[in-house]
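Read the structure below first, then the notes.
Keep in mind it's a predicted model, so treat the numbers as computed, not measured. All chains are named by letter (A, B, ...) in the order of the sequence lines, taking the proteins before the strands, and each is independently numbered beginning at 1.
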Protein chains: 2
Amino acid sequence: MKLDAVDVRQAASAADIVYEALRKAIIEGDLAEGENLRQDHIAQMFNTSRIPVREALSRLEQHGLITTERYKGAVVAGLSIEEIEEIFEFRALIEAEVIRLAVPNLDRRTLELARQHCEEFEREENAERWGEINRNFHYSLYEAARRPYYLQIVRASLDRIDRYLRAQLTLTSGVARARREHKAILDACMARDAERACALTRDHILDAGRSLTIFLREQRG
Amino acid sequence: MKLDAVDVRQAASAADIVYEALRKAIIEGDLAEGENLRQDHIAQMFNTSRIPVREALSRLEQHGLITTERYKGAVVAGLSIEEIEEIFEFRALIEAEVIRLAVPNLDRRTLELARQHCEEFEREENAERWGEINRNFHYSLYEAARRPYYLQIVRASLDRIDRYLRAQLTLTSGVARARREHKAILDACMARDAERACALTRDHILDAGRSLTIFLREQRG
DNA sequence: CATAGAAATATTGGATCCAATATACAATCT
DNA sequence: AGATTGTATATTGGATCCAATATTTCTATG
């Protein structure tokens, strides 16, 4: 197990810190699917007791990132291919709508920010960073929709499959395609063409989903 | 020797029980918006310690049903009219899609079940029960979409506004309209017309949202 | 009498201890 | 040897205690 052990005596509650650290470790794939999460082990790493750890684990379970069983403990949740497909389909629906709602509100500063993320995603060679930049690019546009509830759901659903998405980018040479698609989405946004941006976002997500599930089907046999 | 094999599956944990009870109380409006939730008090009510109560509260906070502040405690979360509007808009998007996906899978038994819920909703005079039956009607159809992730999100978003929706049904005479709309949706489903069922569901939710926000704007001034 | 400051109370977050039980492994029996 | 039973260990869920801080009440003073 590998995660950034933080000293707990800081602003937020210990439970919040543990929750955030575990969440990050899971969605970035540092904690492998199926890996055991022992309460006292984690507690020791964060220099705290098991109480806040349990609270953090309970929250992670609510979000579907782990599963727990009494007397047995928690393991990082794995998703079946069907579940992954469902989440991609869902994301396509929501995020397409979010971008449609965002386009009319895009101002120059937001577009400039998105352009920078887009360029960074194009230039970056370190595969480790693609996931992060990809998120930044999309979210910078999504923010303009001014729909906090939608974004909360988008975030939660992306969390569930982010680790697979990162694999898709690196292992299936999905980056090249993602780069082209990002540029196309950005173009549509700059042209204030909400319908085009919507359709492109939808396809972008469905493409990634298809590419990923093909890869996983091979890998898992 | 011959014994009946009993399901010895353990009772849920105390935290689960507290969570479910509080969730139910909040979404049904038994706990009013802004009401204080004291850990001690709840613990005594459930004859347990504060530990499982805290875990339950932490989960409720994740779902947005309460807000907590250190040294101050938890209060039942209230929603602004804008937040309520957003959630209705969101539900319209998701649930319309879910019903579209469900229609091709509807079998005779499911339709019969939905028809029974629809009739029950029509006959029932006790306003207290409308919320429950309304949920049952919609979910009985949604299940056929075979999209567990979508349904989880639908459930969570309905939880957030259920208490207001119940008020809308009773206080604005929304039932009459809801009854008509339910029948229309059921008809479309029986006719296997996915697009019509989708559009009707969308309008059904948006109608309720509009009616509710008009009512709330008057009420809140 | 009104008000500022101090003490008492309420309330949360976390630490430590205890009870329940699943799992692994040794001991026993056929 | 293989199956079965008993025991030690690991691990979780919950109870109780403690520390920190917000809120309220009380007192003394102008």
*For A/Asn36 and D/dT11, give me the distance from atom CG to atom P, rounded to whole Å.*
9 Å

_Does C/dT23 have OP1 or OP2 under 4.0 Å away from a side-chain N or O of A/Lys72?_
yes

*Examine A/Phe121 together with A/Phe137 and report whether their ring centres are nearer than 6.0 Å.*
no

*5'-most by nearest nucleotide on DNA chain C - B/Leu37 or B/Ile51*: B/Leu37

*For A/Arg50 and for A/Asp16, find the nucleotide of DNA chain C with the closest heavy atom, then tell me which residue's nucleotide is more 5'.*
A/Asp16

_Atom pair distance, as rounded to whole Å: CD1 in B/Ile17 and C1' in D/dG13_ = 12 Å

*Can you tell me how far P of D/dT11 sits from NE2 of A/His41, to the nearest Å?*
11 Å

_Just to verify, which of B/His182, B/His117, B/Glu143 counts as forming a side chain to side chain contact (heavy atoms under 4.5 Å, CB included) with B/His138?_
B/His182

_Given the structure, check if the side chain of A/Arg54 and the base of C/dG14 hold any donor-acceptor pair shorter than 3.5 Å._
no

*Can you name the closest pair of heavy atoms from B/Ala114 and B/Leu141 and give their distance?*
CB-CD2, 3.7 Å

*Have a look at B/Leu57 and say if it touches a base, only the backbone sugar-phosphate, or nothing, with a 4.0 Å heavy-atom cut-off.*
nothing

_Please determine whether a side-chain nitrogen or oxygen atom of B/Arg38 lies at a distance below 4.0 Å from atom OP1 or OP2 of C/dT11._
yes

*Examine B/Arg155 relative to B/Tyr139 and say whether NZ or CZ is less than 6.0 Å from the centre of the six-membered ring and inside a 45° cone about the ring axis.*
yes

_How many whole angstroms separate atom CD of B/Glu55 from atom P of D/dT12?_
13 Å

*May I ask you to evaluate whether A/Thr48 reaches the phosphate of C/dA15, defined as a side-chain N or O under 4.0 Å from OP1 or OP2?*
yes

_Integer-rounded Å distance: C/dG14 P and A/Asn47 CG_ = 13 Å

*Give a yes/no answer on whether the side chain of A/Gln39 brings an N or O atom under 4.0 Å of OP1 or OP2 in D/dA10.*
no

*Between B/Ile42 (CD1) and C/dT11 (C1'), how many Å, whole number?*
12 Å

